[in-house]
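Reviewing the structure listed below.
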Amino acid sequence: MDPPLLEARGISRRFGHVRALDQADFAVYPGEIVALIGDNGAGKSTLVKILSGADRPDEGEILLAGTPVRFDSPNMAQAHGIATVYQDLALAAELTPFENLFLGREVVLPGLLGRMGFVDRSAMRRRAVEQFSKLGVRLRSATSPVASLSGGQRQSVAIARATMWADRVIFMDEPTAALGVVQTKRVIGLIRQVRDQGIAVVLISHNMPQVLEVADRIEVLRLGRRVARFTAAEANVERLVAAMTSGAVGLVEAARP
């Protein structure tokens with residue numbers, strides 16, 4: 001069996017007297033959607049920050065395709081193909097969708113104009129259109145500010161930006177939390193489209209029915225440790241809640257489906 005694409009082994013993280021993670025393990029394989037679930041305070045956010053370079057562990061190791069790695073910053077993780085879409089999306093509301101895709105990575109014009117800092121808006125717009133098309137993202141307007149878009153379309157822009165610059169693993173933190181039914185359906189379709197592009201997706205969510213609908217596997221954290229992992233086909237809401245609240249062990253040694 002191939003090694004996980006991204007793996008955490010024995011990760012511990014303390015904040016003063018608080019132990020946020022206690023020998024936590026986690027794994028995601030290429031081309032799958034794995035849900036990371038747990039009650040508030042289980043350690044999900046801390047683990048995601050460590051795996052995406054926003055924080056560093058006190059103990060344990062991170063492996064990428066079986067090779068130990070160390071991420072000292074989100075930029076370093078992104079250089080290895082790993083990005084995160086946070087709940088607040090981190091979009092510049094007054095900029096257009098294509099400007100958001102290239103925020104901080106603007107394409108400059110060739111020659112002297114480029115050395116003077118002039119950007120190639122046509123090239124950025126063209127590449128953005130290609131990226132949206134590849135993911136099946138349809139926006140009401142590609143030239144209006146992001147602030148004018150619906151919540152679902154903003155989420156689509158954030159996901160498109162992440163997949164444009166990271167080609168291995170995308171972490172998505174509660175991507176449908178503030179969306180209506182129709183917008184949620186579209187974002188779930190987009191998450192599957194990202195997976196079908198060969199990018200592994202880690203979904204952090206409290207919505208158990210949605211987790212069962214979209215995830216291939218589910219890993220459960222409780223009190224800073226992984227206490228269970230399930231294939232979606234063998235899980236149900238009752239088993240997930242039991243693992244989250246009581247640490248009842250599920251298929252902890254289950255192989256990748």
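- Atom CZ of R192 has more than 12 neighbouring heavy atoms from other residues, nucleotides or ligands inside a 6.0 Å radius.
- S156 places a side-chain N or O within 3.5 Å of a backbone atom of G152 that can act as its donor or acceptor partner.
- Here the CG-CG distance, from L64 to L5, works out to 6.0 Å after rounding to the nearest 0.5 Å.
- Atom CZ of R229 and atom CD1 of I218 lie 13.0 Å apart (nearest 0.5 Å).
- Checked for salt-bridge contact, D25 and R9 miss the test: no charged N lies under 4.0 Å from a carboxylate O.
- Defined by atom type and a distance below 3.5 Å, a donor-acceptor pair is missing between the side-chain atoms of Q197 and T163.
- With values rounded to the nearest 0.5 angstrom, T176 atom OG1 is found 6.0 Å from N207 atom CG.
- Not a single donor-acceptor pair under 3.5 Å links the side chain of E174 to the backbone N or O of Q87.
- Within the 3.5 Å criterion, the main-chain N or O of R225 finds no donor-acceptor partner in the side chain of D22.
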Solution key, residues 177-186 side-chain donor-acceptor pairs under 3.5 Å, sequence neighbours excluded:
| from | atom 1 | to | atom 2 | distance (Å) |
| --- | --- | --- | --- | --- |
| Q183 | NE2 | S150 | OG | 3.3 |
| T184 | OG1 | G180 | O | 2.7 |

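- Applying the salt bridge (charged side-chain N to carboxylate O under 4.0 Å, His left out) test to every pair with at least one member in residues 111-122, sequence neighbours left out, gives these pairs: E99-R121.
- S52 places no side-chain N or O within 3.5 Å of a backbone atom of A83 that could act as its donor or acceptor partner.
- When V202, D167, L51, V169 are each tested for a side chain to side chain contact (heavy atoms under 4.5 Å, CB included) with I82, only one passes: V169.
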Could you walk me through whether T96 and R125 pass the side-chain contact (heavy atoms from CB on, under 4.5 Å) test, one step at a time? CA-CA 10 Å; T96 66; R125 187 181 291 110; over 6 Å; no

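- The residue from F171, Y29, F26 that alone fulfils the side chain to side chain contact (heavy atoms under 4.5 Å, CB included) condition with L6 is F171.
- Classification of K44 and E219 as a salt-bridged pair fails, no side-chain N sitting under 4.0 Å from a carboxylate O.
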